*Asks:* 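Encoded as structure tokens, here's the structure I'll be asking about.
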Amino acid sequence: MSARSVRLIVRQYRFELTAIVATLLVAAAVGLLVLARLPGLVEQASACGSAYECQGLRDDAARMRQLGGLASAIASAIGAFGGIVLGVAVVGREVERGTAALAWPLARSRRRWLLTRAVVIAAVLAVAALIPSLVADRLVAVLHPGSDAGTSFVDFETRGLLPVGRDLAALGVGVLAGALFGRVLQGLLLALVLAAAGNLGIAAVVGAWRVADAVAIPMNGPDQDEMYQRNLIVDTRFRDAAGKLVSIEDAYSHLSPGEAPPGMPGSKYETVAVGIPGDHYQDIDRREAAMWVAVGVIVLGGSLLVVERRRPY
Amino acid sequence: MVDSSNVLEAWGLAKRYNRRTVALAGIDLAIRRGSITALVGPNGAGKSTLIKAWVGFERPSAGRVAVAGVDPWTDRVAALAHIGYVPQTPALYRELRVVDHVDLAADLRGDPFEVSIVMRRLDELDIPLDARAGELSGGQSAQVALALALGTRAEVLLLDEPLASLDPLARREFLHVVMDAVRSGGSTALLSSHVITDIEQACDHIVVLGRGRKLLDAPIAEAVAAHAIADGDMTGTPGIIGSFIEADGTRISLVGPTSTAPEPAQASAGTRPATLEEVVLGYLASVRGPRQ
């Protein structure tokens with residue numbers, strides 16, 4: 001693939017790419033602003049103390065925290081939605097406008113035609129989505145003091161590689177929906193439905209996956225909030241005197257009359273969280289990002305089949 | 001059976017979109033190398049469907065087609081290597097400049113795409129290379145699409161009513177380019193058109209389709225020589241192809257051979273030689289019913 005091919009493909013989708021990339025970069029810039037200003041504000045508020053005059057500083061710091069969280073959330077949502085919009089345009093818009101009837105006979109191989117476009121757009125989207133995602137990584141230490149981005153699951157769905165993988169899967173879904181309908185609006189609606197349904201299905205798979213990897217994490221530490229943020233908690237269980245983990249239903253079924261229920265003071269059961277320790281964050285981030293990319297590739301494979309067989313009008 | 005002297009072939013080609021809509025109903029056709037063949041018929045006759053079957057856009061419901069001996073549905077890449085296609089009302093990428101289309105086509109096609117041929121054609125036609133495609137007229141868009149098709153150096157040009165939206169001068173220029181490509185470049189062209197004067201000017205062979213069936217398939221000179229015109233509505237009379245009304249309101253009938261491989265019509269009292277337009281109208285009338 002030559003630089004000229006890349007330039008021409010980018011030019012064909014420049015409206016969508018500009019809008020999506022610009023939004024992602026603005027979100028990243030807002031994150032960087034928070035990164036630059038929040039520590040100073042927190043420090044000033046802390047030095048100022050709890051006096052009424054210091055309330056303004058505390059409010060500013062709170063607003064800055066909200067802004068940081070919002071920027072990451074918006075970048076995450078725009079990345080996925082942008083993936084769908086771009087994906088639908090790849091085939092849907094070409095068929096709708098009639099350019100596919102010109103391009104496909106020229107290209108001879110529709111497979112090559114589609115893959116070239118999809119790869120270029122996926123690369124641009126991935127780079128654009130990675131920037132706010134990396135900024136969100138840096139924001140962890142600022143928004144959640146004491147948390148380390150590399151060993152904590154705090155805000156893990158909006159940072160790291162996971163949003164990038166999800167955006168690429170959304171791109172694949174968009175391509176498929178556009179190829180099926182050959183129309184932008186209908187393709188967009190179908191892609192949104194497919195993405196929502198697919199998200200539910202994959203959430204179930206990922207949930208089972210996480211449960212399989214989960215271990216018992218004691219809940220008797222001094223800071224429960226920190227424990228919940230740091231680790232990816234998927235369930236709560238009860239440990240009996242023999243060290244066996246049981247569900248709440250099992251614990252209740254073995255309860256003697258007058259005995260303290262599980263989770264209550266005096267219970268013979270120790271409450272434990274079941275989850276993936278924060279130390280495994282990077283492995284899980286990579287694994288789930290790779291899974292989303294794999295979903296995108298599979299869906300793109302389906303799009304290839306559709307494009308091979310469909311009419312260009 | 002594949003015949004190497006034919007570049008486009010169809011055997012028993014049928015295309016049904018649903019139980020009611022039959023676009024093509026058993027077409028047998030062979031387009032000889034080096035010819036410019038006109039494909040004529042009313043709207044819905046199946047002209048575009050036939051061309052799209054060769055381009056690999058439409059899968060035959062029955063029968064099969066071949067481009068230079070290759071089935072475009074089962075081996076599209078090999079078949080399209082032989083085809084330059086200009087669609088009906090060609091759509092260009094409106095975000096791109098004309099010159100970008102040339103680059104895009106070169107990238108899409110790979111070797112052997114002749115950028116110099118395209119540039120020369122565009123230059124001859126005064127089409128501004130830096131203009132955005134969205135700023136071009138319909139005629140200029142068609143010319144760009146044709147130039148791109150010529151750049152492929154394909155053996156056969158499939159032109160699906162590209163003249164429909166062009167003014168007379170643009171049509172003349174377009175046809176000149178096609179004729180030049182066939183005569184000097186050794187191509188073959190199949191031109192779908194409604195405009196008889198264009199066909200007379202550019203084509204040496206004619207195929208008339210009606211209701212998905214082939215009504216006439218002959219060299220133009222033979223087709224004209226094999227038919228005659230008789231005054232009056234003679235529908236139902238043996239040897240009469242069809243009757244139709246002339247611009248002055250009189251009704252005339254096309255007399256001709258009943259076979260699609262025409263023999264010279266027998267001159268007889270009350271008949272005169274037919275023009276190409278009358279031959280076409282007579283065949284079209286034959287599938288429209290007795291009184292049109």
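Chain letters run A, B, ... following the sequence lines, proteins first, then strands; residues in each count from 1. Predicted model only: the values in this text are computed from it and were never measured.
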*Asks:* Is atom CZ of A:Arg111 surrounded by more than 12 heavy atoms (other residues, nucleotides or ligands) closer than 6.0 Å?
*Replies:* no
*Asks:* If you measure from CZ on A:Arg11 to CG on B:Asp100, what distance do you get to the nearest 0.5 Å?
*Replies:* 4.5 Å
*Asks:* Considering only heavy atoms, which portion of A:Ser2 lies under 4.5 Å from any heavy atom of chain B: side chain, backbone, both, or neither?
*Replies:* side chain
*Asks:* Quick one: of B:Ala106, B:Ala91, B:Ala79, who has the most non-hydrogen atom pairs under 4.5 Å with chain A?
*Replies:* B:Ala91
*Asks:* Write down the atom of A:Trp104, the atom of B:Leu80, and the distance for their closest heavy-atom approach.
*Replies:* O-CD1, 3.9 Å
*Asks:* Could you please state which residues from residues 142-157 of chain B sit under 4.5 angstrom from chain A, measuring non-hydrogen atom to non-hydrogen atom, sorted by number, or 'none'?
*Replies:* B:Ala145, B:Leu148, B:Thr152
*Asks:* CZ of A:Arg108 to CG of B:Leu108: how many Å apart, nearest 0.5 Å?
*Replies:* 10.5 Å
*Asks:* Under 4.5 Å heavy-atom distance to chain A, tell me which part of B:Val77 shows up: side chain, backbone, both or neither.
*Replies:* both
*Asks:* Can you tell me if A:Arg287 has over 12 outside heavy atoms packed within less than 6.0 Å of its CZ?
*Replies:* yes
*Asks:* Identify, with sequence neighbours excluded, every residue that meets side-chain contact (heavy atoms from CB on, under 4.5 Å) alongside B:Leu129.
*Replies:* B:Val98, B:Val99, B:Met119, B:Leu122
*Asks:* So does A:Phe81 have more than 12 non-hydrogen atoms from other groups sitting under 6.0 Å from CZ?
*Replies:* no
*Asks:* May I ask you to name which of B:Leu158, B:Val55, B:Leu92 has the most heavy-atom pairs under 4.5 Å with chain A?
*Replies:* B:Leu92
*Asks:* I'd like to know if B:Glu58 pairs up with A:Arg311 as an ion pair, taking the criterion as any Lys NZ or Arg NE/NH1/NH2 lying under 4.0 Å from an Asp or Glu carboxylate oxygen.
*Replies:* yes
*Asks:* Need one label for A:Tyr313: side chain, backbone, both or neither, based on atoms under 4.5 Å from any heavy atom in chain B.
*Replies:* side chain
*Asks:* Taking all non-hydrogen atoms of both residues into account, name the closest pair between A:Leu106 and B:Phe113 and its distance.
*Replies:* CD2-CE1, 4.4 Å
*Asks:* Would you mind checking which part of A:Glu94 comes under 4.5 Å of any heavy atom in chain B, side chain (CB onward), backbone (N, CA, C, O), both or neither?
*Replies:* side chain
*Asks:* Give the minimum heavy-atom separation between A:Ala101 and B:Phe57, together with the two atoms involved.
*Replies:* O-CZ, 3.8 Å
*Asks:* Between B:Arg59, B:Gln88, B:Arg94, which shows the greatest number of heavy-atom pairs under 4.5 Å with chain A?
*Replies:* B:Arg94
*Asks:* Please say whether more than 12 non-hydrogen atoms of neighbouring residues, nucleotides or ligands are located less than 6.0 Å from CZ in A:Arg97.
*Replies:* yes
*Asks:* What are the two closest non-hydrogen atoms of B:Asp103 and A:Arg7, and how far apart are they?
*Replies:* OD2-NH2, 3.8 Å
*Asks:* Does CZ belonging to A:Arg183 count more than 12 external heavy atoms closer than 6.0 Å?
*Replies:* yes
